[in-house]
Amino acid sequence: MAQDKKQVEQITDMETDFAKWYTDVCTKAELIDYSSVKGLFILRPYGYALWENIQKELDARFKEDGHENVYLPMLIPESLLQKEKDHVKGFAPECAWVTHGGNEKLEERLCIRPTSETLFCEHYANIIHSWRDLPKLYNQWCSVLRWEKTSRPFLRHREFLWQEGHTMHATAEEAIAETRQQLEVYADFCEKILAMPVVRGVKTDKEKFSGAEDTYTIECMMHDRKALQSGTSHYFGDGFARAFDITFTDKENKQAYPHQTSWGLSTRIIGGIIMTHGDNSGLVLPPRIAPTQVMVIPVAQHKEGVLEAADALRARLAVAGVRVKMDSSEQSPGWKFAEHEMKGVPLRIELGPKDIENKQCVIVRRDNREKIFVSLDEVETKVATLLNEIHDALYDKALKNLNDNTYACTSLEEVKEKMEACGGFAKTMWCGDLQCELRMKEEAGVSSRCIPFQQEHLGDTCAICGKPAKKMIYWGVAY
RNA sequence: CGGGGUGUGGCGAAGCUUGGUAUCGCGCUUGGUUCGGGACCAAGAGGCCCCGGGUUCGAAUCCCGGCACUCCGACCA
């Protein structure tokens, strides 16, 4: 009987079916629910709490660097969207349109924003006149809509939450520095807060954002060795400024076009967290982002004094600044252990009559299930230490996955072999030609992930065509 | 968008071939006993059988058309 129950509740093993494992975790850990419209998902409290913590961390970092939050409309007139030709070519196929207001057909249809470059440009044209108005460092938290053909929880929604930074600068140098700086903010956030190691680099022309001069990216490796583009930062030069007629008078009293950037990170990163750290028992949350860092579980809670002692422990940890909860529901302890493991709570503390007698508690780590007996006097410091240790352990494990599954290859055949055998990333030298990039996709089934900032010299010739190589580049299968 | 799979109380499934008004496990409610790895007993509640048409005296079941989820591919600015 107990066996049956376990099977019903169980999450599909990731070795059996990684995709099923992923959706099981999303739904069973109560992060997400499906809605009646394809590709539009409900973020449940636990999933939204994750996003709120992500927002809090990033927002603080943005503001430290002088960025300000704004909110622009969600509808874009078609004519506005069409002002920059590369941009519209990229986005128009995925736009959803508002064609009616009430029963009246609109004169001009309105696109539900797939991204807000055009809206920001329209606004910037109105408010930027002098070099004194620059830089403009704006950020927006909002949702955008892209009519994707297939959708998956967090990884590909038609409507998703994100932040989009849009900045304007007097010089190209300044704008490029901003682009790089914001990518580094994302990279640092992934590594220090989400325990996700990243590869920083530049996208090829083929993979860059419509209308951008350069697209910078951070690429993460998931547990199934596929790549997830986890954040991007674009340098636009003055292309949009010209298209939207944004000009300012510079210090020499000359008319000039400002240089622009945009950068974004979305709820997709939650999918990244799940697929980087999760295991067959469910979610494993990095401590610094976990909505609940510690779950206190009273054992034999009906017995005199147990609940009170457990709640006192919870209160102490809360005072110490830990995000802590107590589960005093009428479930058995074993049920609670399994439940909170599935939801990825980094630490649980068991407190029962025996512990109270011995003035101790039992702390169990989610990541390795280690049980630690801790004197009640030392709980605060021990919890703080353990949370940091878990973060480091998660990071190291993810880094090992990244390193162990990144292969230096010298020929297309070798890439093909490696990718078929093991998946992961291949790094090769590359001549820079689109033809070689297309051939790699065609023959080895991988797309270019990025040209890393941190270059390695793997040889002198392109692994695909044999001509002189310009750069070392990463390849992989991407989400 | 192409190919496959699925859709039955909250969840997982059986029933469909061969039409007769729905079954099981889990969960849920109430009461009681339990409580250190998904406890047990008893009594209950809960179903537009994905949606819309059609065939039929009668459809979860047969036929047609949608929709959603899912996997594989293409696409993903």
Side-chain angles (χ1 to χ4, degrees), chain A residues 1-12 16-24 26-28 30 32-41 81 84-95 114-115 117-118 144 146-153 155-158 160 203 205-212 215 217 228-229 232 234 262 264 266 268 281-282 297-303 306-307 310 327-343 348-358 360-364 369 371 373 441-442 445 447 477-479:
Chain A
M1 201 68 92
Q3 190 60 35
D4 287 345
K5 178 175 173 179
K6 206 166 179 183
Q7 276 166 356
V8 168
E9 295 288 334
Q10 214 167 35
I11 293 165
T12 308
T16 307
D17 185 341
F18 191 82
K20 183 79 161 46
W21 168 83
Y22 176 77
T23 47
D24 279 355
C26 288
T27 55
K28 292 188 176 166
E30 298 181 346
I32 220 154
D33 193 21
Y34 290 87
S35 78
S36 54
V37 181
K38 178 188 171 73
L40 308 195
F41 293 89
L81 190 71
E84 213 288 338
K85 60 177 175 28
D86 287 338
H87 187 68
V88 68
K89 202 160 70 185
F91 282 103
E94 281 188 315
C95 286
T115 180
E117 273 74 10
T118 53
V144 289
R146 301 176 184 182
W147 214 248
E148 304 283 356
K149 286 169 180 167
T150 55
S151 54
R152 301 188 65 190
L155 299 173
R156 182 159 287 111
H157 291 194
R158 281 178 171 172
F160 59 90
K203 285 286 186 189
D205 281 352
K206 177 178 179 289
E207 297 287 331
K208 75 184 185 187
F209 184 87
S210 306
T215 290
T217 178
L228 187 78
Q229 178 177 310
T232 50
H234 315 288
S262 81
S266 75
R268 185 177 223 215
S281 301
I297 299 179
V299 174
Q301 64 186 29
H302 62 290
K303 292 199 177 145
V306 172
L307 263 181
D327 185 349
S328 58
S329 67
E330 287 296 318
Q331 299 288 358
S332 70
W335 189 93
K336 294 176 189 174
F337 298 164
E339 175 71 8
H340 300 300
E341 270 173 16
M342 185 180 71
K343 297 184 93 171
R348 83 159 175 271
I349 300 185
E350 303 173 18
L351 187 75
K354 277 184 264 174
D355 302 306
I356 294 170
E357 199 176 311
N358 297 327
Q360 63 167 33
C361 62
V362 183
I363 304 186
V364 184
R369 291 191 169 75
K371 282 196 177 190
F373 292 83
K441 174 76 193 170
E442 179 68 31
S447 55
V477 176
Y479 271 100

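Just so we're on the same page: letters track the sequence lines, and every chain starts at 1.
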Short side-chain N/O contact to C69(B) OP1/OP2 from Lys38(A), under 4.0 Å: yes

Interatomic distance, Asp33(A) CG vs A68(B) P [rounded to whole Å]: 16 Å

Identity of whatever pairs with C35(B) - Watson-Crick or G-U, under 3.5 angstrom: none

Face-to-face stacking of His302(A) with C35(B), centres under 5.5 angstrom, angle under 30°: yes

Spacing of Ile349(A) atom CD1 relative to G36(B) atom C1', expressed in whole Å: 15 Å

base_contact_polar (G37(B) base, Glu341(A) side chain, donor-acceptor, <3.5 Å): yes

pair Thr118(A)-Val88(A): side-chain heavy atoms closer than 4.5 Å: no

Nearest-angstrom distance, P atom, G31(B) to U70(B): 40 Å

Short side-chain donor-acceptor distance under 3.5 Å, Ser329(A) and Gln331(A): no

Protein-nucleotide distance (Tyr22(A), atom OH; C69(B), atom P), rounded to Å: 15 Å

If you restrict it to nitrogen or oxygen atoms, what contacts under 3.5 Å exist between nucleotides 72-76 of chain B and the protein, and what is each distance?
| residue | atom | partner | partner atom | Å |
| --- | --- | --- | --- | --- |
| C76(B) | O2 | Arg156(A) | NE | 2.9 |
| C76(B) | O2 | Arg156(A) | NH1 | 3.3 |
| C76(B) | O2 | Arg156(A) | NH2 | 2.1 |
| C76(B) | N3 | Arg156(A) | NH2 | 3.4 |

Val299(A) side-chain proximity, nearest of U34(B), G37(B), G36(B): G36(B)

Nearest-Å distance once atom C1' is located in both G32(B) and G7(B): 40 Å

Under-4.0 Å side-chain N/O to phosphate OP1/OP2 contact, Ser332(A) with A39(B): yes

Rounded distance (Å) that lies between atom P of G7(B) and atom OH of Tyr34(A): 16 Å

Selection from G36(B), C35(B), G38(B) that lies nearest to any side-chain heavy atom of Ala300(A): C35(B)

Face-on cation placement of Arg268(A) at Phe160(A) ring, 6.0 Å and 45° thresholds: no

Distance-only donor-acceptor test (3.5 Å): side chain Arg369(A), base G37(B): no

Per Trp335(A) side chain, nearest of listed nucleotides C35(B), G38(B), G37(B): G38(B)

Spacing of Ile11(A) atom CD1 and Lys20(A) atom NZ [to the nearest 0.5 Å]: 10.0 Å

Approximate separation, where rounding is to 0.5 Å, of Ile32(A) CD1 and Tyr34(A) OH: 7.5 Å

Partner nucleotide of A68(B) by Watson-Crick or wobble geometry (both distances under 3.5 Å): U6(B)

Given G36(B), G37(B), C69(B), the nucleotide with the shortest approach to the side chain of Ser151(A): C69(B)

5' precedence on RNA chain B between Asp17(A) and Phe91(A) (nearest-nucleotide basis): Asp17(A)

Nearest-angstrom distance from the residue atom CZ of Arg348(A) to P of G38(B): 11 Å

Leu307(A) CG to C35(B) P, straight-line distance once rounded to whole Å: 15 Å

Spacing between Glu330(A) atom CD and G32(B) atom P, to the nearest angstrom: 11 Å

Distance, rounded to the nearest Å, where Ile32(A) contributes CD1 and C69(B) contributes P: 12 Å

